[in-house]
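Notes for the one structure printed next.
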Amino acid sequence: MAAAPPPRPQVLCLGEALVDRLGPPGGEPDAAAGGSDDRLGGAPANVACALARLGTPAAFLGRLGSDAIGEAFERLFASRGVDTSGLQRDGQRPSRIVLVRRDAAGERQFGGFAGERGGGFADQALEASQLGVALDRLLPAARWLLTGTIPLASPASAAALELALERAAVAGVAVAVDVNWRPTFWNPAADPASGPDARQLSRCQTLLERAALIKCAREEALWLCGSDDPALLSAALPRRPAVVVSDGANPVRWCCGEAAGKLAPFPLAAVDTTGAGDAFSAGLLHGLCARPELLAGSDGPALRELMRFASACGALVCRGAGAIDPQPTAAEVQAWLSRAG
């Protein structure tokens, strides 16, 4: 008897897959000197893997080099059951390595790149026509297209993202945007703590205007609309999207249609916070695929429980190194929440 085909992806995650080179706490991420820890990552890849781990079928749409990193991602996606029909391979440009500094509390700061050979990185060259072929197959069954602002930083990947947004609109697939502002992807010499300039902000604004759901950090909300109030950011955009604003160790806040609220993070000793926000996004989309009506906020208590589930997904990732290896299953999240009370 033939095996049943795998379920069609409900969430399409478009953008970068890369290696996070984690420095030792308080030290520099220098592979040559030893002490660094290379982990597969990149926000859309993290979310795709986390969704699959939670039980929601997901696809990754992006471009990797024809190198050891690309092969490692192929194996990872296969082991997690992530659809890779939209994964491109580049024979000229390498996969990207991001240098990540960590302080003693596990908080990280991005400090540039490694591996570039003069022609840029593979993720910058995401090719629109190849992507279009994959979208023709994937969009009919999808519910969400998840992306961030990083593809906007390079002309080819920006064009591919625009194609995906246009096709998603025609197919009636909702767009989720995790702002994930990383200035060094736009300019490797930029201060990692700097905000977008006027041109970059305009590019980001165009993306946000297509979103049904936006997740951003507090400082990103301040850059985007001058306020960290999720209701004000929602009101500033024509589609009045649902907005979730995170703030490190402070409460996460949201505005989803009729419902608004906040939730304090779970207390825990973090090993590494890399990927916690991506795990949160995966938990949120996992719940919205099961109960899409929660996006409108008509059931405030159920929405709060979903935020609690998503927060637990993020908290559990902080207990291990890297963004992907510590990702929990839905059963593990529920068991942890039951113990947390």
Checklist entry - Do you know the tightest heavy-atom contact between Ile324 and Leu40? => result CD1-O, 3.5 Å
Checklist outcome for this item: Correct closest heavy-atom pair for Phe60 and Gly15 would be CZ-O, 3.3 Å
With the threshold set at 4.0 Å, does a side-chain nitrogen-carboxylate oxygen contact exist between [X] and [Y]?
X: Asp228; Y: Arg218; answer: yes
X: Asp299; Y: Arg291; answer: yes
X: Glu71; Y: Arg89; answer: yes
X: Asp136; Y: Arg167; answer: yes
X: Asp37; Y: Arg21; answer: no

[X]-[Y] side chain donor-acceptor pair, cut-off 3.5 Å:
X: Glu127; Y: Ser129; answer: yes
X: Arg63; Y: Gln124; answer: no
X: Ser85; Y: Asp83; answer: yes

Item to check | Stacked cation flag Arg96 on Phe113, 6.0 angstrom / 45 deg | outcome: yes
Checklist entry - Under the salt bridge (charged side-chain N to carboxylate O under 4.0 Å, His left out) criterion, do Lys215 and Glu220 qualify, and how do the steps go? => result CA-CA 10 Å; Lys215 175 186 166 292; Glu220 293 168 341; over 6 Å; no
Checklist entry - Quick one: does Ser157's side chain have a donor or acceptor within less than 3.5 Å of a partner on Ala125's backbone? => result no
Checklist entry - So, the side chain of Arg239 versus the backbone of Glu209: is there a donor-acceptor pair under 3.5 Å, distance only? => result yes
Next on the checklist: Which label fits Phe309 and His286: parallel for a plane angle under 30°, tilted from 30 to 60°, or perpendicular past 60°?
Outcome noted: parallel
Checklist entry - Quick one: do Val175 and Leu152 end up in the same hydrophobic cluster if we chain Ile, Leu, Val, Met, Phe, Trp and Tyr together by side-chain heavy atoms under 4.5 Å apart? => result yes
